[in-house]
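Notes follow the structure.
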Amino acid sequence: MNNMPSQTVNIREVQTTPFEGQKPGTSGLRKRVKVFQQEHYTENFIQATLSAIPDGPAGATLIVGGDGRYFLKEAIQKIIRLSAGNKVSKLVIGRNGIFSTPAVSNLIRKRKATGGILLTASHNPGGPDNDFGIKFNMSNGGPAPESVTDKIYQITTKISSYKEADIPEVDLSELGTKSFGDLTVEVIDSVDDYVLLMKEIFDFDMLRSFFKKRSSFKVLFDSLHGVTGPYGKRLLVDELGLPASSVMNSEPLEDFGGGHPDPNLTYAHDLVERVEKENIDFGAASDGDGDRNMIIGKGAFVNPSDSVALIAAYADAIPYFKKSGLKGLARSMPTSGALDRVAKKKGVQIFEVPTGWKFFGNLMDAGKCSVCGEESFGTGSDHIREKDGVWAILAWLSIVAYASESNPNVSLNDILNKHYEEYGRNFFSRYDYEEVDSEGANKVMAHLTAFINDKSNIGKKIENYEVALADNFEYKDPIDGSVSKNQGIRIIFKDGSRIVFRLSGTGSQGATVRLYVEKYSAKDYKQDTQTAIQDLIKIALDLSKLVEFTGRKEPTVIT
Ligand code: VG1
Ligand code: CO
């Protein structure tokens with residue numbers, strides 16, 4: 001499809017009625033594929049999204065792509081028809097509709113686009129019986145703020161029609177540009193621009209020479225059949241010269257091979273097993289849409305809360321930060337305070353924001369944050385406005401290469417232990433109770449709400465701990481003053497230990513209760529995490545009556 005002359009198109013207004021529940025959650029609208037497949041359902045949400053663009057859809061340039069999951073192709077054709085119907089000027093689409101979330105964020109910024117539409121349910125499973133999702137990102141490359149997602153939702157509750165152009169299925173397998181009336185559709189390579197960006201950030205020569213010097217250093221990157229396969233292959237194998245066996249599950253599949261594309265110790269078990277069995281020095285995994293990462297090594301696990309702290313501590317290992325300096329650091333509320341200790345030492349500001357990447361964007365746009373992260377395997381920087389899985393892997397490889405200059409055979413555990421020795425250790429764990437009955441989950445939250453509302457609990461002794469603060473986290477954005485309430489129940493003890501409860505905003509079925517606990521130890525860093533936090537878990541389960549209300553004796557996933 002090479003620069004063919006524009007075809008004229010007919011635009012028609014299709015009558016529709018609202019669907020309930022088209023409310024974007026932590027990161028876009030996520031529902032079962034079957035829900036999106038209902039007649040008008042997807043069109044209604046796309047129309048609402050286009051209508052909610054701050055300056056309107058007419059004349060807009062949008063970057064469009066997704067993680068390759070089932071229903072992606074149909075959704076993109078709908079976006080093309082509705083975009084033409086709404087007078088959008090240009091769509092830039094990844095070949096076959098594929099783009100990782102970080103790649104879209106980069107392209108929005110690079111092309112100075114109006115925004116982007118991302119088709120992904122991220123770490124949720126895919127396929128006809130699983131999940132699909134749609135998310136809108138703004139011109140800064142970041143997820144739409146609540147003011148915009150609220151507007152989208154408001155429109156979905158009143159929608160009576162959408163505008164669609166009669167465009168036959170557009171072939172997205174060939175690169176090039178095609179026009180339909182006033183709409184231009186450009187199909188580009190999904191990986192090229194991202195590779196250029198990574199080359200600006202990291203020192204590829206340094207990494208290559210590290211791999212040459214330490215030729216026995218084994219790397220294994222598991223894409224879990226998500227979108228990062230082609231990115232990983234290009235960067236690790238083609239650019240850095242690692243053997244082809246350094247990547248696994250690197251073919252994006254519509255159902256992620258039947259797996260759960262969530263890079264944690266439970267769902268990335270094949271990787272975890274191979275790392276142990278094959279003595280792999282550096283193992284990594286990413287999620288469906290490529291914004292999350294997990295870093296492990298033989299006998300080593302980099303807790304995501306530690307990961308962001310170490311990347312900040314080793315900023316000198318990464319040319320991008322060496323050049324621009326650390327402008328400030330940020331983490332989501334449930335994420336451990338390991339990053340705060342690095343901020344203190346480096347003398348930079350630290351921000352605590354609610355869960356979800358959208359809250360970091362304003363800080364970055366204002367030049368107040370260089371590195372940020374979430375406990376949920378999300379790490380990133382102000383090179384884009386999304387968390388970035390492949391970036392995090394390159395950042396960690398850079399840390400290893402840098403640390404090996406003074407300790408040639410350095411391992412991930414050596415690096416972690418050195419950090420704990422210097423800063424102490426914030427033991428952190430998250431317990432997920434997935435797809436519990438909503439009623440039970442609400443009872444847990446109501447019971448905890450009664451606890452935090454009873455001010456006589458402040459100062460109360462619970463076993464070895466004394467309650468210092470109990471509230472529902474509220475955030476006032478320091479840049480635009482917007483306030484986000486009810487962002488998670490926290491019980492903070494006098495020694496700084498914490499228990500946090502939240503309901504997930506990304507699930508599509510029932511409710512997921514997340515329990516986060518944190519305990520700091522200045523010296524005794526060699527303990528096992530679960531042993532270190534056991535007493536806090538017990539307190540959390542007692543206080544919340546979680547087992548009684550949900551009937552769940554064990555969590556689904558422990559991180
Ligand atoms: C989860 C994580 C949160 C993350 C979000 C999107 O949200 O806890 O930290 O930002 O997923 O990640 P929740 O509401 O389910 O706790 V992704 O990679 O799914 O876009
Ligand atoms: Co994701």
Side-chain angles (χ1 to χ4, degrees), residues 23-30 66-69 99-105 118-126 130-137 142-144 146 149 223-224 226-228 231 256 260-264 267-268 285-294 304-305 307-308 330-336 352-361 372-380 384-392 428 430-436 441 445 473 484 486-489 500-516 556-557 559:
K23 192 176 173 53
T26 311
S27 189
L29 182 72
R30 293 183 193 177
D67 57 12
R69 70 177 61 224
F99 266 142
S100 74
T101 291
V104 173
S105 185
L118 294 86
L119 304 159
T120 171
S122 188
H123 56 287
N124 299 11
N130 285 304
D131 287 2
F132 190 71
I134 304 180
K135 179 166 89 159
F136 183 67
N137 279 25
E146 280 177 345
T149 54
S223 293
L224 296 168
V227 75
T228 54
Y231 296 83
F256 307 111
H260 203 131
D262 197 352
N264 58 42
Y267 296 126
S286 188
D287 70 335
D289 64 324
D291 55 358
R292 296 187 180 202
N293 75 92
M294 175 173 74
S305 294
S307 178
V308 61
R331 61 168 172 84
S332 68
M333 181 274 282
T335 305
S336 92
E352 183 180 35
V353 309
T355 293
W357 211 260
K358 57 189 166 217
F359 297 99
F360 294 123
C372 56
E374 293 190 283
E375 46 62 43
S376 54
F377 297 90
T379 338
I384 53 171
R385 295 294 180 271
E386 288 277 5
K387 53 190 186 272
D388 191 342
V390 173
W391 171 90
F428 178 88
R430 179 173 116 179
Y431 282 35
D432 294 325
Y433 300 82
E434 293 177 350
E435 297 192 10
V436 303
M445 296 311 277
F473 182 61
S484 304
N486 298 324
Q487 297 297 321
I489 289 184
V500 174
F501 279 93
R502 276 182 69 245
L503 292 184
S504 156
T506 57
S508 62
Q509 200 86 331
T512 292
V513 182
R514 301 201 197 286
L515 157 62
Y516 315 76
T556 325
V557 179
T559 296

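Read the numbers this way: they start at 1 and go in the same order the structure lists the ligands and their atoms.
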What's the shortest distance from [atom] to any protein heavy atom, and which residue and atom give it?
atom                    : value
atom 19 (O) of ligand 1 : His123 ND1, 2.5 Å
atom 11 (O) of ligand 1 : Arg292 NH2, 2.9 Å
atom 7 (O) of ligand 1  : Thr506 CG2, 3.5 Å

Passes side chain to side chain contact (heavy atoms under 4.5 Å, CB included), Met333 versus Val500? Steps please. CA-CA 9 Å; Met333 181 274 282; Val500 174; 3.8 Å; yes
Contact atoms of ligand 1, heavy-atom distance to [X] under 4.0 Å:
X      : answer
Arg514 : 8 (O), 13 (P), 15 (O), 16 (O)
Thr355 : 3 (C), 8 (O), 9 (O)
Arg430 : 8 (O)
Gly356 : 10 (O)
Asp291 : 17 (V), 18 (O), 20 (O)
Lys387 : 4 (C), 6 (C), 10 (O), 12 (O), 17 (V), 18 (O), 20 (O)
Ser122 : 17 (V), 18 (O), 19 (O), 20 (O)
Glu374 : 3 (C), 4 (C), 9 (O), 10 (O)

Please report the C-alpha distance between Phe377 and His123 in whole Å, then the side-chain angles of each, then the deciding distance to 0.1 Å, and finally whether the side chain to side chain contact (heavy atoms under 4.5 Å, CB included) criterion is met. CA-CA 11 Å; Phe377 297 90; His123 56 287; over 6 Å; no
Quick one: does ligand 1 sit under 4.0 Å from the side chain of [X], the backbone, both or neither, non-hydrogen atoms only?
X      : value
Arg30  : side chain
Asn124 : neither
Ser376 : side chain

Does the pair Leu119 and Phe132 meet the rule for a side chain to side chain contact (heavy atoms under 4.5 Å, CB included), with working shown? CA-CA 7 Å; Leu119 304 159; Phe132 190 71; 3.8 Å; yes
Would you say the side chain of Leu224 lies within less than 4.5 Å of the side chain of Asp287, judging by non-hydrogen atoms?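 No - every pair of side-chain heavy atoms lies 4.5 Å or more apart.
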Any side-chain heavy atom of Arg30 sitting closer than 4.5 Å to one from Asn124?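 Arg30 vs Asn124: side chains touch.
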Which heavy-atom pair separates Asn293 from Gly389 by the least distance, and what is that distance?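 In this case the closest contact between Asn293 and Gly389 is CB-O, 3.7 Å.
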Would you confirm whether [X], through its side chain, and [Y], through its main-chain N or O, come within 3.5 Å as a donor-acceptor pair?
X      : Y      : result
Thr120 : Ser122 : yes
Ser100 : Val227 : no
Ser332 : Thr355 : no
Thr149 : Glu146 : yes

Using 30° and 60° as the class limits, which term best fits the ring planes of His260 and Tyr267: parallel, tilted or perpendicular?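 Geometry flag for Tyr267 against His260: parallel rings.
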Under 3.5 Å between some N or O of ligand 1 and some N or O of Tyr516?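 Looking only at distances, the answer is no, because the N/O contact criterion of under 3.5 Å is not met.
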CA sep, side-chain torsions, deciding dist, call: Glu375, Arg430, salt bridge (Lys or Arg N to Asp or Glu O under 4.0 Å): CA-CA 8 Å; Glu375 46 62 43; Arg430 179 173 116 179; 3.0 Å; yes
Near the Co ion (ligand 2) (under 2.8 Å) - protein N, O or S atoms: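 Result, waters dropped: Ser122 OG, Asp287 OD2, Asp289 OD1, Asp291 OD1.
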Please evaluate residues Lys135 and Glu386 with respect to the criterion salt bridge (Lys or Arg N to Asp or Glu O under 4.0 Å), reporting the C-alpha separation (whole Å), side-chain torsions for both, the decisive distance (0.1 Å), and the verdict. CA-CA 12 Å; Lys135 179 166 89 159; Glu386 288 277 5; 2.9 Å; yes
